[in-house]
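To start, the structure itself, in structure tokens.
Here the structure is a predicted model, which means the values were calculated and not measured. The chains referred to below are lettered A, B, ... by the order of the sequence lines, with proteins before strands, and numbering in each begins at 1.
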2 protein chains.
Amino acid sequence: MDTLHATTAFAALSQPTRLDVFRLLVQAGKTGLLAGEIGEKLDVRQNTMSANLLVMLNAGLIRKTREGRGIRYFADMPAMADLIGFMLKDCCGGNVDECKPFLEQVACKC
Amino acid sequence: MDTLHATTAFAALSQPTRLDVFRLLVQAGKTGLLAGEIGEKLDVRQNTMSANLLVMLNAGLIRKTREGRGIRYFADMPAMADLIGFMLKDCCGGNVDECKPFLEQVACKC
DNA sequence: TTAATATATCAATAATTCATGATGTATGGA
DNA sequence: TCCATACATCATGAATTATTGATATATTAA
């Protein structure tokens with residue numbers, strides 16, 4: 001992870017449709033979603049959705065596999081973990097006490 | 001946190017100088033940094049830095065307090081925790097086993 | 001092979017974002 | 001009060017990004 005990869009990823013997340021797509025895929029977990037399902041859920045035209053999915057693919061935020069006529073998309077969780085790690089590297093000046101309440105707030109609830 | 005706030009925050013992080021600023025402030029912790037110090041460390045002109053700091057302020061990623069002639073900036077860690085929480089809401093389809101390795105990767109090392 | 005379905009690509013316009021020079025404002029010191 | 005320091009704002013042109021209609025490609029079914 002470097003600044004270029006990170007800014008590209010954040011740019012991909014900085015557009016409402018794409019952020020919605022990413023959150024849907026995060027919630028879908030390993031099941032993922034077909035491109036058509038995503039477009040239908042979010043009420044976005046086919047070519048617009050395709051362009052947005054490509055932006056997210058290029059940013060390394062999502063992955064895809066063909067499935068018959070459709071293409072199934074997944075959130076790339078390790079990539080997201082990398083991104084968060086890069087952003088928060090050496091956080092809080094290395095002070096654990098300062099950092100702890102932050103970590104508790106971030107922790108996943110599932 | 002909603003999609004508008006989140007996309008605004010990600011847009012703020014999608015530009016190299018601003019991402020560098022945020023990471024510097026994360027590392028600075030509660031000490032923060034003066035605007036001038038930030039510009040000097042990153043070799044960015046005064047008005048460009050001021051504009052970029054304003055974008056980050058408006059995005060809710062950083063805070064500031066006046067200190068004599070200078071202005072001291074800080075990363076807003078609770079806001080960042082909110083943002084990450086919004087992005088990862090109901091992650092992994094609620095499946096703890098699927099989620100656990102992700103959490104371990106994200107965990108702060110300090 | 002022909003048609004239908006699912007998705008991707010292309011070209012073009014509209015909108016947004018960026019860095020910069022110039023200038024304005026706030027604070028502290030002489 | 002006058003000046004220097006520290007930072008913010010404004011206006012502008014250049015570059016990037018987003019959406020869309022039209023079209024192309026890949027897969028499956030008839």
Task: Length of the line joining A:Ile71:CD1 and D:dT25:C1', which is rounded to integer Å - done: 11 Å
TODO: Nearest whole angstrom, please: distance from the P of C:dT20 to the CG of B:Leu54.
DONE: 17 Å
Open item on the list: Is there a side-chain contact between B:Arg18 and the phosphate of C:dC18, meaning an N or O under 4.0 Å from OP1 or OP2?
Closed with: yes
Task: Protein-nucleotide distance (B:Met56, atom CE; D:dA8, atom P), rounded to Å - done: 13 Å
Open item on the list: With side chain to side chain contact (heavy atoms under 4.5 Å, CB included) as the criterion, how do A:Leu42 and A:Met49 come out once you've worked through the C-alpha distance, each side chain's angles and the decisive distance to 0.1 Å?
Closed with: CA-CA 9 Å; A:Leu42 299 180; A:Met49 181 54 71; 4.3 Å; yes
TODO: Go through the N and O atoms of the side chain of A:Gln46 and the base of C:dA8, and report whether any donor-acceptor pair is under 3.5 Å.
DONE: yes
Open item on the list: Is the phosphate of C:dA6 approached by A:Tyr73 (side-chain N or O, under 4.0 Å from OP1 or OP2)?
Closed with: no
Task: Side-chain N,O (B:Arg66) to OP1/OP2 (D:dA6) below 4.0 Å - done: no
- [ ] For B:Leu33 and D:dC7, give me the distance from atom CG to atom P, rounded to whole Å.
- [x] 11 Å
TODO: State which of C:dT20, D:dT19, D:dA8 makes the closest approach to the side chain of A:Asn52.
DONE: D:dT19
Task: Atom pair distance, as rounded to whole Å: NZ in A:Lys64 and P in D:dA26 - done: 12 Å
- [ ] Verify the contact: side-chain N or O of B:Arg69 to OP1 or OP2 of D:dA4, cut-off strictly under 4.0 Å; return yes or no.
- [x] no
Task: Any A:Ser50 side-chain N or O less than 4.0 Å from OP1/OP2 of C:dT7 - done: no
Task: Residue met sooner reading DNA chain D from 5', once A:Asn47 and A:Glu67 are mapped to nucleotides - done: A:Asn47
Open item on the list: So, under a plain 3.5 Å distance rule, would you say the side chain of A:Gln15 forms a donor-acceptor pair with the base of D:dA18?
Closed with: no
TODO: Under the side chain to side chain contact (heavy atoms under 4.5 Å, CB included) rule, what do A:His5 and A:Asp2 come out as? Steps first, then yes or no, please.
DONE: CA-CA 5 Å; A:His5 284 96; A:Asp2 56 24; 2.8 Å; yes
Open item on the list: Whole angstroms only, please: what is the CZ-P distance between B:Arg72 and D:dA8?
Closed with: 14 Å
Open item on the list: For B:Val26 and A:Lys89: C-alpha separation, side-chain torsions, deciding distance, then whether side chain to side chain contact (heavy atoms under 4.5 Å, CB included) applies.
Closed with: CA-CA 8 Å; B:Val26 163; A:Lys89 183 162 180 250; over 6 Å; no
Task: A:Arg66 versus A:Ile71, closest heavy-atom pair with distance - done: NH2-CD1, 3.9 Å
TODO: Examine C:dT20: is either OP1 or OP2 under 4.0 Å from a nitrogen or oxygen in the side chain of B:Thr48? Give yes or no.
DONE: yes
- [ ] Taking the side chain as every heavy atom from C-beta outward, state whether A:Met80 and A:Phe22 have any pair of such atoms under 4.5 Å apart.
- [x] yes
Open item on the list: By nearest heavy atom, map B:Val55 and B:Arg45 onto DNA chain C; which one lands nearer the 5' end?
Closed with: B:Val55
Open item on the list: In this structure, how many angstroms lie between the P atom of C:dA19 and the CG atom of B:Asp20, rounded?
Closed with: 12 Å
Open item on the list: How many whole angstroms separate atom CE of A:Met49 from atom C1' of C:dA8?
Closed with: 14 Å
